[in-house]
Structures are given as structure tokens and as C-alpha cells.
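Read the numbers this way: they start at 1 and go in the same order the structure lists the ligands and their atoms. Remember, it's a predicted structure, so these values are computed and weren't measured experimentally. If you read the sequence from its start, that first residue is 1, and numbering goes on from there.
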Amino acid sequence: MNSVFVVLSVLFLSTSWSLRTDNQFWKDLAKKELEEALHTKWNLNAAKNVIIFVGDGMGPNTVTATRMYMGGESHRLSYEQFPHMGLLKTYSADKMVPDSACSATALFSGVKINKDTIGVDASVKRGDCERSLLPETRLKSLAAEAIDAGKSAGFVTTMRVTHATPGPLYAHSADRLWECDAFMPAGTENCKDIARQLVEDEPGRNFNVILGGGRNGFIPSEAVNAWACARNDSRNLIEDYEKDKKERGLKYRIVSNKTELGNFDPDNTDYLLGIFADGHLSYEYQRNQTDIPSLSEMVAAAIKVLQKNDNGFFLMVEGGNIDMAHHRGWAKVAIDESAAMEEAVKVALAMIDEKNTLFIVTSDHTHTLSINGYPKRGSNIFGIAEASSYDGINYTTLSYSTGGPDSFHFYVHTDENNETTVRRRDPSTEDTDHMLYNQIAGIKLIENSHGGGDVTIYAKGPHAHLFHNVHEQHYVYHAVMYAMTYSNGCAQFASVTMLTVIFLINVILTF
Ligand SMILES: *[C@@H]1O[C@H](CO)[C@@H](O)[C@H](O)[C@H]1NC(C)=O
Ligand SMILES: *[C@@H]1O[C@H](CO)[C@@H](O)[C@H](O)[C@H]1NC(C)=O
Ligand SMILES: *[C@@H]1O[C@H](CO)[C@@H](O)[C@H](O)[C@H]1NC(C)=O
Ligand SMILES: *[C@@H]1O[C@H](CO)[C@@H](O)[C@H](O)[C@H]1NC(C)=O
Ligand SMILES: *[C@@H]1O[C@H](CO)[C@@H](O)[C@H](O)[C@H]1NC(C)=O
Ligand SMILES: [Zn+2]
């Protein structure tokens, strides 16, 4: 009886707490934030390790909705408690609104380039294979820089490992679609598909961790769908990967499912390749029906391998299904994926030393998700906001300004006088809380488009304070490079000073 009472009061307190409106509640919230602000210190250490999480398509509204979904309006996601943050302007060299290929290149290689190209500068137009071969057009990524500095490097993604966000870490391609040979058009014979670049070229062949999907780009196969990839040249790049590591006498491990990833021995693995699906990895909410590891499990495995290097490491983690779900107009799936990425952030935070690890959470671009007025505080974020005073029909809290046919909720109504009017479907007759509910969209396209708003960058650890206002997206590369190399300059300076002091002492002692 007592325990039931305790449980009930805890439930009551925990739900009522977030809906409190008394002055003390607001003052306590603000005091906690002020304490944090007053105790924020610059960490001037070297960034021995760098971890960058990219929530693909995770614009500020997606983060806000994730926060509401996880714990209500006053909740704070783990990365929302990082001491430093800024905004990134995501436009590309040629477009006001970017795709993931050019925006990831900006983040990781430090210049803005053309939409749909990967790791080549803005002088390379989409599809210009020949120009992309010129060394001076090819950009060097943070992963390549880390390897050159003696660090380990790798990435984890829920997408194909050859997809637009991880691609710029290792590939140079005039078209993001050239992930596999079957997708290389006539006239591009001199160019190498992205999968081959990962396995055969620098820096990809030296990556210590490669975890994600996209098996069909690596082994003889047919495309699973029009968006997927296929290998038509009868090569098996997974065997090639193995051959390369064997020839170089490296300790490697190749895994293909959750069980194998759970059993691998990090002490005996310096190179880990895990490809867990033919195409992209499944959405988190459907993953339990598969033998695919979670993003958190992949991140934990990656850090175990990478942190063995005394010189440090670079890790990129992509929550790619946030973007996939937004493109389909499934806000709940997108936000559920964003929550899964936050879980992986927490897993990573628990494994690293914040004194020497620059930890960044950001996004490559937004989507056109909006949060409409004026649902009651504490409402289900996937529910109804209220009824329009114009047509009397309810509308949902979340909507998109662009969408595919399934997101287009308007229909033509013809009355008894043959007069036609365009009407909006009534969401209160639909299950808006269903995973695959398509929120209403205003402009009908083939699929939801990206948005052009700024994305947020949250940072913690060495030189995290370099993110402090409205930045260009490609500034991220330069700030991370500064943080990564700062120690060297500083250590050199220190050792020069030290040598001078020792020399002077010697001089004094001699005389
Ligand atoms: C696949 O290879 C066959 C045989 O070389 C060729 O005829 C076909 O055009 C190729 N298909 C694609 C999509 O590249
Ligand atoms: C995992 O992959 C290994 C190697 O392909 C295979 O032998 C094993 O049956 C797989 N496990 C499951 C549960 O699918
Ligand atoms: C997967 O999770 C869903 C939702 O939690 C549940 O309904 C379903 O039974 C689970 N499936 C399996 C195979 O565990
Ligand atoms: C409405 O249109 C139909 C078909 O075009 C026509 O048969 C009908 O008479 C019209 N009704 C009125 C009220 O105009
Ligand atoms: C709007 O939705 C609410 C909650 O689902 C419902 O109670 C109300 O009747 C709906 N109002 C209209 C005008 O459809
Ligand atoms: Zn996208």
C-alpha cells in the first residue's frame, strides 16, 4: 500500500514538476543556468581526441522537438548542457540550401563547394570527373590530417559508408552518386567510385574504424532500390580490404552483425570494418527485428579501437536516419532517430576524458520542419496544436513546408452546386502519434526538401570556446585543426623555453 502510494506520488511529482508555473520553479531553473555560466572555463588544452557527431538534417526545430519528446519543454538534452555553442551558416558555394555532400565537405575539409560533390573544391562542377582528378582540386579532411599527425581515425554512420556525410572524410568525387561502379556513367572511366576510394586510397585504407551500411557497393550485387548502390565489376572490396590489411600485417577484424560486433576483441583489433546491411541501416524503431547494432553500440566499439592510440584519435559519428525520415515526412521517426543519436552521445561522453577530447555535436543542414502555435504546455509533440479559426479544422503541432505526395493533406471538394474548394484533411480523425504519420506539408515535391536555416553547433572540451557566435560552416574544420595542433605549437614553445632555461643554468653553473 505504502509503495503504491510512493510510486503514485513520484509519478505525480515527476509529471507535475515539469508543468510547474510558480516563481520558485522558474527561478531555480534560471539559477542553475547562471551557476553553469559563471563556472564556464576555457579549456586551453590540446585536443588530443576529436569526436564530431553530425545529426543529418537535425536542425534546431528537430532538436527542440527531440527535447519535448524526451522530457518536455524544460528538459535538457545532454549536448544542450555543453558549455559552448554557436550557429553555422550552411549555404554552399552554389546553393542557398545545401545537400549533405557539400555541407559535410565544408565541416570536415574547410571550404565551401558545389552541391552534390564530395571532397573537391568549387572549381569542380557536378559530374566533372576529369577536373576532380586534378590534385589541386582535392581537399584534405580532418580524418586525413589526424592520420598524418599520428592519430587514429574512423567513422560510424547509420547510412551506407559511402554516403554523402562520411564520403568527404576520404573521397574525392565530382558526384555523390558515384558510390559504386554500377552508378558511374559513361565517360567517367578515369574516376574511381567512392567504395573503391575507401578501400584502396589514402586516407580511407588507413581508417581504423569503418562502421555502417552499404554492403551492395562492396560485393557483386544488384541495387536493393533506386536509391541504393550495386557492384557490377565482380570485385569483392571486403576481400580486398582484408587482403590489404593482411599484406601490411595489420590487426583487423571484419564484422557483419550485432553479435559479431558484440564479441570482437578491441585489444586485438587496430582496424575494424563493420558493414551491417545491404543499404542504409534500418530505423532504430525497427532495428530489434534485425541483427543490426545500435548507433550507441557502434560508437562504443569505435571508441574502444580508437582510444588505444596514445597520440589520440578523430571520430565522426553520423545519425543519418534523421534526414532519411524527414525526407519521407515522418517527423516521429526523425525525432526518434535524433533521440537515438543523443543516446550515442551519452555513451561516448562516458568513455572519454573531457580534458583532452574536443566533443562536438552539430548538423549538416536543417529540414523544413516547423513547430506550430499554440499547443498547451506538456502536450504530445506529435499531437494536435489547435483548430484554425479560418477553416475550423485542427492542425498538428509539427508540419513541414515541403513534402512528398503522402505529406500533401489537401483535397478538392465539390459541393452540390459543382462549386469546388480546396480543403485540408482533418488530423483529429487520424492517428498523428503513429510512427509513420505524415505531417502536413504545404508544397508538394517528390520528397521533403532540406531547409536553409542555420544549424547549431554544441561543443565541450579543448578549445570548445572557439564556437561562440554565428560561424560559417567551413569554420569548423579550421577551429578543430587549431585545437588539434595547438598542443604541438605550445609543447614546442614549452620545450624551447625549457631548453633555454637548462642552457642558461648550465652557463651559470659553468662560470
Ligand atoms: C554491368 O556489367 C555488364 C557486363 O560487363 C554490362 O553489360 C552492364 O551494362 C553493366 N551494368 C551497369 C549498370 O553498369
Ligand atoms: C553473424 O555473422 C556471422 C558471419 O557472417 C554468421 O556466421 C552468424 O550466423 C551471424 N549471426 C547472426 C545472428 O545472424
Ligand atoms: C520490436 O519492438 C516493437 C516496439 O517496441 C515491439 O512491438 C516488437 O514486438 C519488437 N519485435 C521484436 C522482434 O522484438
Ligand atoms: C454538376 O456537374 C455535373 C457533371 O458535369 C452535371 O451533370 C450536373 O448537372 C451539375 N450540377 C449542377 C447543380 O450544376
Ligand atoms: C481538435 O482535436 C481535439 C483533440 O484531438 C478534439 O478534441 C477536437 O474536437 C478537435 N476539434 C475540431 C474542431 O476538430
Ligand atoms: Zn538529405
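- Near G392, meaning under 4.0 Å from any of its heavy atoms, are these atoms of ligand 5: 13 (C).
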Before you tell me yes or no, could you show the steps for H327 and H450 under side chain to side chain donor-acceptor pair (under 3.5 Å), namely the whole-Å CA-CA distance, both residues' side-chain angles and the distance that decides it to 0.1 Å?
CA-CA 8 Å; H327 278 300; H450 294 170; 3.0 Å; yes
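- Under 4.0 Å from ligand 2, the heavy atoms of E260 that appear belong solely to its side chain.
- Between Y458 and Y79, the distance from one ring center to the other falls under 6.0 angstrom.
- Taking the ring-ring contact (aromatic ring centres under 6.0 Å, His included) definition, one finds that H163 meets it with H280, sequence neighbours left out.
- Counting non-hydrogen atoms of neighbouring residues, nucleotides and ligands closer than 6.0 angstrom, the NZ atom of K308 exceeds 12 such neighbours.
- There is a protein heavy atom less than 4.0 angstrom from atom 11 (N) of ligand 5.
- If you number the atoms of ligand 2 from 1 as listed, the ones under 4.0 Å from a heavy atom of T259 come out as 13 (C).
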Residues 340-354, side-chain donor-acceptor partners within the protein, below 3.5 Å, at least two apart:
unit_1: E342; atom_1: OE2; unit_2: S78; atom_2: N; d: 2.6
unit_1: E342; atom_1: OE2; unit_2: S78; atom_2: OG; d: 3.0
unit_1: D353; atom_1: OD1; unit_2: K355; atom_2: N; d: 3.0

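- The shortest contact between atom 6 (C) of ligand 2 and any protein heavy atom is with N257 ND2, 4.1 Å.
- For atom 2 (O) of ligand 2, the nearest protein heavy atom lies closer than 4.0 Å.
- Residue D291 has at least one heavy-atom neighbour below 4.0 Å for each of these atoms of ligand 2: 11 (N), 12 (C), 13 (C), 14 (O).
- Taking atom 9 (O) of ligand 5 as the reference point, the nearest protein heavy-atom neighbour is N394 ND2, 4.8 Å.
- Closest heavy-atom approach to atom 14 (O) of ligand 4 among the candidates N418, D415, T414: N418.
- The number of heavy-atom neighbours closer than 6.0 Å to CG of D415, taken from other residues, nucleotides and ligands shown, is above 12.
- Results of the side-chain hydrogen bond (donor to acceptor under 3.5 Å, both in side chains) test with H367 over T62, D323, N448 single out D323 as the only residue that passes.
- By the 3.5 Å distance cut-off applied to N or O atoms, E416 is not counted among the residues near ligand 4.
- Of the protein's heavy atoms, S256 OG, 3.6 Å lies nearest to atom 5 (O) of ligand 2.
- Just one residue in the list R176, R235, R231 forms a salt bridge (Lys or Arg N to Asp or Glu O under 4.0 Å) with D193, and that residue is R231.
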